[in-house]
Student: 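Just dropping this structure here.
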Amino acid sequence: MTAAPHRRPGGPDDLYRTPPPWDIGRPQAAFRALADAGAIQGRVLDAGCGTGEHVLMCAALGLDSTGIDLAAAALRRAEDKARERGRTARFLRRDARELAELGESFDTVLDCGLFHIIDAFADGWHVDSIEPATIEITPTPDGIRAWFAAATRI
């Protein structure tokens, strides 16, 4: 009898066995407001894109949009959504802590709920603003409290 293959508990794909609470099926309101205000421009990267709602929102605006995530299951769903919606976007299985390995630069980088798990920015950044915000989630209509930060590379 052979043992079942060992699966790392709590791996990225485990987060998507069932829809996670942050996968609300649409962009977060704060990002939609940025898009509507024209604040999202150029080449866009969503670091930790999950099932791709923000990437697809940007693609719908005609922007060159890329999403990265470690969860292959989330990326497959993002690619399915892109096909269903007729959007052109790129989804890559990458670690957001190793962005330099992409060998690319982006004009806008989005992140929703990922920054809290990585180290703070080092030299070369200007914090433009930090404001209270809400992350919409499926189990709670009022969402959860968060911070909305904008930073510019100098």
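Every heavy atom of this structure was used, including side-chain atoms; hydrogens, water molecules and symmetry mates were not.
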Student: Going from CG on Asp23 to OG1 on Thr51, what distance comes out if it is rounded to the nearest 0.5 angstrom?
Tutor: 3.5 Å
Student: Looking at every heavy atom in both Leu56 and Ala78, which two are closest together, and how far apart are they?
Tutor: CD1-O, 4.3 Å
Student: Decide whether Phe106 and Leu92 are clustered together by the hydrophobic rule: side chain heavy atoms of Ile, Leu, Val, Met, Phe, Trp, Tyr closer than 4.5 Å, transitively.
Tutor: yes
Student: Do the side chains of Glu84 and Asp80 get nearer than 4.5 Å, heavy atoms only?
Tutor: yes
Student: Treat each ILVMFWY residue as a node, draw an edge where side-chain heavy atoms are under 4.5 Å apart, and state whether Val109 and Phe31 are in one component.
Tutor: no
Student: Can you measure from NE2 (His54) to OG (Ser65) and round to the nearest 0.5 angstrom?
Tutor: 12.0 Å
Student: Using every non-hydrogen atom in the two residues, find where Ala149 and Ile130 come nearest and quote the distance to one decimal.
Tutor: CB-CG1, 4.1 Å
Student: Between Asp69 (side chain only) and Leu75 (backbone N and O only), is there a donor and an acceptor less than 3.5 Å apart?
Tutor: no
Student: Test of understanding: clusters of I, L, V, M, F, W, Y form through side-chain heavy atoms closer than 4.5 Å, transitively. Do Ile24 and Leu34 belong to the same one?
Tutor: no
Student: Could you state the interatomic distance from CG (Asp111) to CG (Leu45), rounded to the nearest 0.5 Å?
Tutor: 10.0 Å
Student: Sort and list the pairs that fulfil ring pair (Phe, Tyr, Trp, His ring centres under 6.0 Å) and have at least one residue in residues 70-100, not counting sequence neighbours.
Tutor: none
Student: Is Glu104 paired with Arg90 through a side-chain N to carboxylate O contact shorter than 4.0 Å?
Tutor: yes
Student: Treat each ILVMFWY residue as a node, draw an edge where side-chain heavy atoms are under 4.5 Å apart, and state whether Val44 and Phe148 are in one component.
Tutor: yes
Student: Should Arg32 and Asp36 count as an ion pair when the cut-off is N to O under 4.0 Å?
Tutor: yes
Student: Hydrophobic cluster membership, with links at side-chain heavy-atom distances under 4.5 Å among I/L/V/M/F/W/Y: are Val55 and Ile40 in one?
Tutor: no
Student: If I take atom NZ from residue Lys81 and atom CZ from residue Arg76, how far apart are they, to the nearest 0.5 angstrom?
Tutor: 14.0 Å
Student: Looking at Ala59, is its backbone amide N or carbonyl O close enough to the side chain of Arg87 to form a donor-acceptor pair, meaning the two atoms are under 3.5 Å apart?
Tutor: no
Student: Any chance you could measure Thr108, atom OG1, to Asp64, atom CG, to the nearest 0.5 Å?
Tutor: 11.0 Å
Student: Could you tell me whether the side chain of Leu70 reaches within less than 4.5 Å of the side chain of Arg94, counting heavy atoms only?
Tutor: no
Student: Step by step, work out the side chain to side chain contact (heavy atoms under 4.5 Å, CB included) result for Ile68 and Leu99.
Tutor: CA-CA 9 Å; Ile68 63 167; Leu99 291 179; 3.3 Å; yes
Student: Which heavy atom in Leu61 sits nearest to a heavy atom in Ala35, and how many Å separate them?
Tutor: CD1-CB, 3.7 Å
Student: Which residue pairs satisfy the side chain to side chain donor-acceptor pair (under 3.5 Å) criterion with at least one member in residues 135-150, sequence neighbours excluded?
Tutor: Arg26-Glu136
Student: Looking at Arg43 and Ser105, what are the two nearest heavy atoms and their distance?
Tutor: NH1-O, 2.7 Å
Student: So which heavy atom on Cys58 is nearest to which on Leu110, and how close?
Tutor: SG-CD1, 4.1 Å
Student: Nearest 0.5 angstrom please: Cys112 SG to Ile135 CD1, how far?
Tutor: 4.5 Å
